[in-house]
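Here the structure comes first, spelled out in structure tokens, and everything after it is commentary.
Side chains included, hydrogens not; waters and symmetry mates left out as well; all remaining heavy atoms used. Note that the numbering runs from 1 along the sequence shown for the chain.
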Amino acid sequence: MLEAKVVEIGPEALSPDDPLLILFDETASQQLRRVSIVQRFISSTDHGFHLQIGDQLRIDDQDYQVSHVGKLVENNMNAIGHATLFFEPVPKQPQHNGIYLTPYQLPKIKVGSLISYLPQTH
């Protein structure tokens, strides 16, 4: 399990019209921070970030099921804490930096929220 704490929410990061959240770690530029949720990893594994279909993502007490993980997510999360969380059905051509989640409902998120990346036990 990997956990991150939300340390900043950009003024343009949340939109009721766009069912997505853009995540970056604290290395994000000021321009990116305007539209992003900045996360600080507070626990990690020696194996780095790994998430796959069927795993869970939890934001505070709100649970989501992973329905798709883009091919760039693992490298981007390990390097710069970046992924885009999509709360919508997986399209025919999903985003390479996207994690698609169900249910299709934006979470309530605030500075101090905990994001937990929960792989299934295999």
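- At a threshold of 4.5 Å between non-hydrogen side-chain atoms, the residues Leu85 and Leu20 do not count as touching.
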Check the pair Leu14 / Ile9 against side chain to side chain contact (heavy atoms under 4.5 Å, CB included), numbers first and verdict last.
CA-CA 8 Å; Leu14 304 175; Ile9 297 176; 4.1 Å; yes
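- The minimum heavy-atom distance linking Ser36 with Ala13 is given by the pair O-CB, 3.5 Å.
- Distance CD/Glu88 to CD/Gln105: 14.5 Å, rounded to 0.5 Å.
- Across Ile59 and Ser113, no two heavy atoms sit closer than the pair CG2-CB, 4.5 Å.
- Side chains of Val66 and Ile99 form a contact here, defined as non-hydrogen atoms less than 4.5 Å apart.
- The line from CD of Glu8 to CZ of Arg40 is 10.5 Å long, rounded to the nearest 0.5 Å.
- Between Val38 and Asp25, every side-chain heavy-atom pair lies at or beyond the 4.5 Å cut-off.
- Grouping the Ile, Leu, Val, Met, Phe, Trp and Tyr side chains by contacts below 4.5 angstrom, directly or via other members, places Tyr64 with Val6.
- Between Phe86 and Tyr104, the ring center distance fails the sub-6.0 Å criterion.
- The backbone N or O of Asn75 sits nowhere less than 3.5 Å from a side-chain atom of Asn78 that would complete a donor-acceptor pair.
- Side chains of Met77 and Phe41 form a contact here, defined as non-hydrogen atoms less than 4.5 Å apart.
- With rounding to the nearest 0.5 Å, the separation of OG1 in Thr27 from CZ in Arg33 is 8.0 Å.
- A donor-acceptor pair is defined here as one N or O able to donate and one able to accept, closer than 3.5 Å; such a pair exists between the side chain of Asp60 and the backbone of Leu114.
- Note on residues 15-36: pairs passing ring-ring contact (aromatic ring centres under 6.0 Å, His included), not counting sequence neighbours, are Phe24-His82.
- Residues Leu57 and Ile115 are in side-chain contact: their nearest non-hydrogen atoms beyond the backbone lie under 4.5 Å apart.
- By the 4.5 Å heavy-atom criterion applied to side chains, Val35 and Pro11 are not counted as neighbours.
- Formation of a donor-acceptor pair under 3.5 Å by the Gln62 side chain with backbone atoms of Lys108 is found in this model.
- The closest side-chain heavy-atom distance from Glu74 to His50 is below 4.5 Å.
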Tell me, with the steps shown, if Phe49 and Leu2 meet side chain to side chain contact (heavy atoms under 4.5 Å, CB included).
CA-CA 7 Å; Phe49 180 87; Leu2 184 63; 3.5 Å; yes
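- Between the side chains of Glu3 and Ser116, at least one donor-acceptor pair of N or O atoms lies under 3.5 Å.
- Looking at Gln65, its side chain does come within 3.5 Å of a backbone N or O of Gly54 through a donor-acceptor pair.
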Applying side chain to side chain contact (heavy atoms under 4.5 Å, CB included), run through Tyr117 and Arg58 and close with a yes or a no.
CA-CA 7 Å; Tyr117 301 92; Arg58 179 177 296 141; over 6 Å; no
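- Taking hydrophobic clusters as Ile, Leu, Val, Met, Phe, Trp and Tyr residues chained together by side-chain heavy-atom distances below 4.5 Å, Val7 does not share a cluster with Ile37.
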Can Thr84 and Leu23 be said to form a side chain to side chain contact (heavy atoms under 4.5 Å, CB included), step by step?
CA-CA 6 Å; Thr84 301; Leu23 303 175; over 6 Å; no
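- Using a 4.5 Å heavy-atom threshold, the side chains of Pro89 and Tyr100 count as separate.
- Connection of Val73 to Ile22 is not established within any shared hydrophobic cluster, with ILVMFWY side chains joined at heavy-atom distances below 4.5 Å, either directly or through further cluster members.
- His68 contributes atom NE2, which lies 13.5 Å from atom OG1 of Thr102 (distance to the nearest 0.5 angstrom).
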